[in-house]
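Structure record follows, encoded as structure tokens.
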Amino acid sequence: MINLIKKLPKAELHLHIEGSLEPELMFKLAQKNQIDIPYKTIEDVRQAYNFTNLQSFLDIYYAGANVLVTQDDFYDLTWEYIQKCVEDNVVHTEIFFDPQTHTARGIAFETVINGIKSALDDAQARYGITSGIIMCFLRHLSQQDAFDTLTQALAYKDDITGIGLDSAELGNPPSKFKEVFQQAKEEGFKLVAHAGEEADFSYIYEAIDLLAIDRIDHGVQSIGSNELMQRLKAEQIPLTVCPNSNIELKVFDSYEQHNIKQLLDYGLNVCVNSDDPAYFKGYINQNFINLYEHLSLTEDDIVTLVKNSFRSSFIDDDLKEHYLNKVDQALR
Ligand code: ADE
Ligand code: ZN
């Protein structure tokens with residue numbers, strides 16, 4: 001089964017590019033850019049990655065992102081992630097970035113997007129990997145701040161597929177961003193939002209009904225409402241689930257308690273993603289392997305999860321068909 005996991009072409013739909021910053025690159029960039037980081041060795045960094053909840057992770061994640069300064073830094077970050085895609089057979093990826101994390105430190109929006117975009121262009125040219133970019137608003141900041149960020153993004157509309165919502169969930173419900181999501185929709189962006197990661201299922205309802213999202217990121221708390229589960233099933237609203245992340249951030253106490261198999265068996269449109277792989281002990285294949293080993297996923301389960309990743313992506317129907325055929329070929 002592990003061979004099958006490795007062999008299947010996959011799409012990744014929930015990956016924060018800042019969360020793919022490996023300690024080695026963090027150290028290298030800190031030195032180059034003369035940025036202080038609170039670690040003496042790479043081992044120190046890994047020791048610090050011991051989280052109690054989402055906020056305890058975010059504090060360390062935002063501090064790590066401070067080492068990213070130049071366009072080349074964002075290129076290198078993205079290019080390193082692309083190497084993991086090659087290793088794990090990710091053939092299509094839709095990556096998140098958090099511009100406010102960088103613009104608040106005086107880094108220009110264009111520095112960030114141009115670095116990421118040029119690495120993704122090179123990934124397509126060199127490896128045939130297709131991709132999209134999703135710009136996330138930080139939900140702990142104000143809606144006005146999100147509006148300002150959306151205005152900056154308009155100049156890069158051709159490079160940005162979608163708009164998302166991330167950062168500290170509790171106390172920052174989707175309703176706080178209703179108007180800015182409405183404008184983003186009018187501008188033609190696809191919409192996603194983190195909802196029901198730590199906060200309860202009411203945040204998922206808000207993301208669907210008030211923000212009109214196309215996908216829910218995480219969504220594992222949907223299990224708290226039968227009515228919501230029925231709706232997610234009927235409408236096949238995608239949930240981009242991130243198993244390793246949920247374990248590392250203590251959303252579930254153990255892998256055995258993770259509910260992805262229940263969601264899948266119920267008929268929900270779930271897929272597997274790595275979220276912040278440099279912080280959560282592994283990239284997409286490791287997430288699949290952990291699920292297989294702890295939750296006894298069957299071959300059918302794995303194929304369904306993989307096919308869901310393509311079906312839920314923002315690519316056109318022809319490319320979806322192409323990739324779904326590739327999955328079937330790999331199975332033969
Ligand atoms: N930003 C990066 N990873 C995140 C997560 N798992 N939840 C919310 N915001 C994030
Ligand atoms: Zn996330």
Side-chain angles (χ1 to χ4, degrees), residues 11-22 26 48-66 68 74 77-78 81 93-104 112 116 132-141 145-146 149 162-174 176-177 190-200 203-204 206-207 211 213-222 238-252 258 260 270-284 287 309 312:
E12 175 144 71
L13 307 181
H14 183 158
L15 177 282
H16 302 263
I17 198 65
E18 296 91 346
S20 71
L21 176 62
E22 290 287 346
M26 190 192 294
Y49 293 178
N50 188 6
F51 311 112
T52 51
N53 55 23
L54 174 57
Q55 190 60 54
S56 69
F57 155 70
L58 291 172
D59 293 341
I60 284 184
Y61 162 82
Y62 292 132
N66 284 338
L68 299 159
F74 287 95
L77 172 71
T78 308
Y81 165 64
T93 181
E94 295 179 4
I95 69 169
F96 298 141
F97 79 114
D98 289 339
Q100 290 154 298
T101 301
H102 313 298
T103 52
V112 182
I116 295 171
I133 298 179
I134 299 175
M135 178 184 88
C136 291
F137 300 133
L138 298 180
R139 69 201 307 160
H140 66 273
L141 301 178
D145 211 318
T149 306
I163 299 294
L165 185 65
D166 65 3
S167 192
E169 187 181 22
L170 289 166
N172 296 299
K176 181 176 165 186
F177 297 91
K190 298 285 188 189
L191 303 178
V192 301
H194 283 53
E197 177 184 13
E198 280 189 336
D200 69 32
Y203 281 48
I204 302 173
E206 283 195 11
L211 305 189
I213 50 78
D214 298 289
R215 296 196 296 246
I216 292 284
D217 295 314
H218 293 293
V220 290
Q221 305 301 342
S222 54
L239 305 182
T240 64
V241 176
C242 306
N244 277 18
S245 165
N246 294 152
I247 302 306
E248 292 300 315
L249 301 187
K250 313 292 190 283
V251 172
F252 297 95
H258 200 287
I260 191 168
V270 292
C271 60
V272 173
N273 304 271
S274 69
D275 205 7
D276 301 285
Y279 292 88
F280 300 150
K281 306 194 176 123
Y283 288 76
I284 198 166
N287 278 267
S309 72
S312 305

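What you see is a predicted model, and the numbers here were worked out from it, not measured in a lab. Every number for a ligand or one of its atoms is a count from 1 in the order of the listing.
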Passing option when Lys190 is tested against Asp214, Ile134, Ile163 for side chain to side chain contact (heavy atoms under 4.5 Å, CB included) | Asp214
Can you label the angle between the His194 ring and the His16 ring as parallel, tilted or perpendicular, going by 30° and 60°?
-> tilted
Distance from atom 1 (N) of ligand 1 to nearest protein heavy atom, with residue and atom | His16 CE1, 3.5 Å
In terms of heavy-atom contacts, Ser245 and Glu197 come closest through OG-OE2, 4.2 Å
Give the atoms of ligand 1, by number and element, whose distance to some non-hydrogen atom of Tyr61 is under 4.0 Å.
-> 1 (N), 2 (C)
Rounded to the nearest 0.5 Å, the CD1 atom of Ile216 sits from the OG1 atom of Thr240 at a distance of 8.5 Å
Check whether any side-chain heavy atom of Leu249 sits under 4.5 Å from a side-chain heavy atom of Asn53, and report yes or no.
-> no
Glu18 touching ligand 1 at heavy-atom level, < 4.0 angstrom | no
What do you reckon, does Phe96 put a non-hydrogen atom under 4.0 Å from ligand 1?
-> no
Please identify each residue that fulfils side-chain hydrogen bond (donor to acceptor under 3.5 Å, both in side chains) with His140, with sequence neighbours left out.
-> Ser167
Please check if the distance between the ring centroids of His102 and Phe97 is under 6.0 Å.
-> no
Nearest-contact summary for atom 9 (N) of ligand 1 - protein heavy atom, Å = Ser167 N, 2.8 Å
Considering the heavy atoms of Asp166, write down every atom of ligand 1 situated less than 4.0 Å from one of them.
-> 1 (N), 9 (N)
Does an N or O from Asp275, backbone or side chain, lie closer than 3.5 Å to an N or O of ligand 1?
-> yes
Specify which N/O/S atom of Asp275 comes nearest to the Zn ion (ligand 2), by atom name.
-> OD1
Answer yes or no for His14: is there an N/O/S atom below the 2.8 Å cut-off from the Zn ion (ligand 2)?
-> yes
Short N/O/S contact of His218 with the Zn ion (ligand 2) (below 2.8 Å) | no
Counting from 1, what ligand 1 atoms have a heavy atom of Phe57 closer than 4.0 Å?
-> 2 (C), 3 (N)
With heavy atoms under 4.0 Å as the rule, classify the contact between Leu54 and ligand 1 as side chain, backbone, both or neither.
-> side chain
Could you grab the distance from atom CD1 of Ile60 to atom CG of Asp276, nearest 0.5 Å is fine?
-> 12.5 Å
Could you label the plane-to-plane angle of the His14 and His218 rings as parallel, tilted or perpendicular, counting under 30° as parallel and over 60° as perpendicular?
-> perpendicular
Give the residue and atom name of whichever protein heavy atom lies nearest to atom 7 (N) of ligand 1, and the separation in Å to one decimal.
-> Glu197 OE1, 2.8 Å
Is the closest N or O pair between Asp276 and ligand 1 shorter than 3.5 Å?
-> yes
When the ring planes of Phe57 and Phe51 are compared, do they come out parallel, tilted or perpendicular, using 30° and 60° as the limits?
-> perpendicular
Ligand 1 versus His218, non-hydrogen atoms closer than 4.0 Å: side chain, backbone, both, neither?
-> side chain
